[in-house]
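All figures in this text were calculated on a predicted structure; none of them were measured in a lab. Every number for a ligand or one of its atoms is a count from 1 in the order of the listing.
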Amino acid sequence: MSSVFENYLKIRSDVKNLCEKSGRNPEDCTLIAVSKTKPVEAIMEAYEAGCRDFGENYVQELTEKIPKLPEDIRWHMIGHLQTNKVKYIVGRTYLIHSVDSVKLAREIGKQSEKLGIVSDILLEVNIANEESKFGFKPDEVAEAVSEISSVPGVRIKGLMTSAPICEDPEENRVFFHNMKQLSIDIKKQKTDNVYMDFLSMGMSGDYETAVGEGSTFVRVGTAIFGARDYHLVK
Ligand SMILES: *Cc1c(COP(=O)(O)O)cnc(C)c1O
């Protein structure tokens, strides 16, 4: 079995090559190591390989890990976030990917203003209209962008999606393509306080396809750290 160190380096070089292959700058897409359920030691192994971007899903796990790990890590909140937990993470994350309601954006804005900061957020899109998923439906995104753009304390930096679980990553190409198109359409509106710089899409099973379609953040867990054991999480 290969180590976390090797896995991280291999996927990072994969991502760079895929960027070049699709005519993009190799630095355009950042590999986020998704470390939910994984211990500090595993995170440090990826850190030693050069990783500075880590993704976490659970507020309590994230706040427990932050003080135990190097300060130059950029923490990405990628999991569903409850409004009442926002106060624990605002000011401690680099980017909140999983903003799935106007109410949540308002709370992030409110807590950010208390700290005198502006938080960068992505709007989560349920691009395949899946019943079980969080996120704005594709036809709700424009209105959400327009409402959230006037919320003080937050800045919309782009869009995020988790594509359906698939056998063949090619099945998700259409969804990644639609995400990119959605971000282009929003950018064209030139709304104040809305920047479509980031597109967070692609996971262990489909990051190659996502990079080809314009992803700027791939979120890879299993392919770096191995399978997860959820019994370890509260
Ligand atoms: C867990 C998770 C990932 C990583 O998934 P893998 O398939 O293990 O790479 C990416 N994004 C989100 C939102 C997740 O919850």
| task | Kindly indicate whether the side chain of Leu104, heavy atoms from C-beta on, has any atom under 4.5 Å from the side chain of Val86. | result | yes
| said: For atom 12 (C) of ligand 1, what's the nearest protein heavy-atom neighbour? Residue, atom name and distance, please. | reply: Ile78 CD1, 3.5 Å
| field | Tyr47 vs Pro70 side-chain heavy atoms within contact, under 4.5 Å | value | yes
| remark: Taking only non-hydrogen atoms of Gly221 and a 4.0 Å limit, the atoms of ligand 1 in range are 4 (C), 6 (P), 8 (O), 9 (O)
| said: Polar contacts were defined as any N/O atom of the residue lying under 3.5 Å from an N/O atom of the ligand; does this apply to Met160 and ligand 1? | reply: no
| Ion pair Lys65/Glu56, N-O distance below 4.0 Å | yes
| query | Regarding Lys38 and the six-membered ring of Phe225, is the cationic atom NZ or CZ under 6.0 Å from the ring centre and inside 45° of its axis? | reply | no
| Nearest-contact summary for atom 11 (N) of ligand 1 - protein heavy atom, Å | Arg219 NE, 2.9 Å
| Any ion pair linking Glu170 and Arg173 (charged N to carboxylate O, less than 4.0 Å)? | yes
| said: Please confirm whether His97 approaches ligand 1 to less than 4.0 Å, judged on its heavy atoms. | reply: no
| remark: atom 6 (P) of ligand 1: closest protein heavy atom, distance to 0.1 Å, is Ser204 OG, 3.4 Å
| query | Side chains of Asp14 and Lys10: does their closest heavy-atom pair fall under 4.5 Å? | reply | yes
| task | Go through ligand 1 atom by atom and flag the ones less than 4.0 Å from a non-hydrogen atom of Asn57. | result | 14 (C), 15 (O)
| task | Starting from atom 1 (C) of ligand 1, find the nearest protein heavy-atom neighbour and note its residue, name and distance. | result | Lys36 NZ, 1.3 Å
| message | Test your reading of the structure: does Ser162 have an N or O sitting under 3.5 Å from an N or O of ligand 1? | response | no
| field | Within-4.5 Å side-chain heavy-atom neighbours: Leu159 and Ser200 | value | no
| query | What are the atoms of ligand 1, with element, lying closer than 4.0 Å to any heavy atom of Val220? | reply | 9 (O)
| field | His76 and Phe54 aromatic centres sub-6.0 Å | value | no
| Shortest protein heavy-atom distance from atom 10 (C) of ligand 1, along with the residue and atom involved | Met203 SD, 3.3 Å
| field | Atoms in ligand 1 with a heavy atom of Thr222 nearer than 4.0 Å | value | 6 (P), 7 (O), 8 (O), 9 (O)
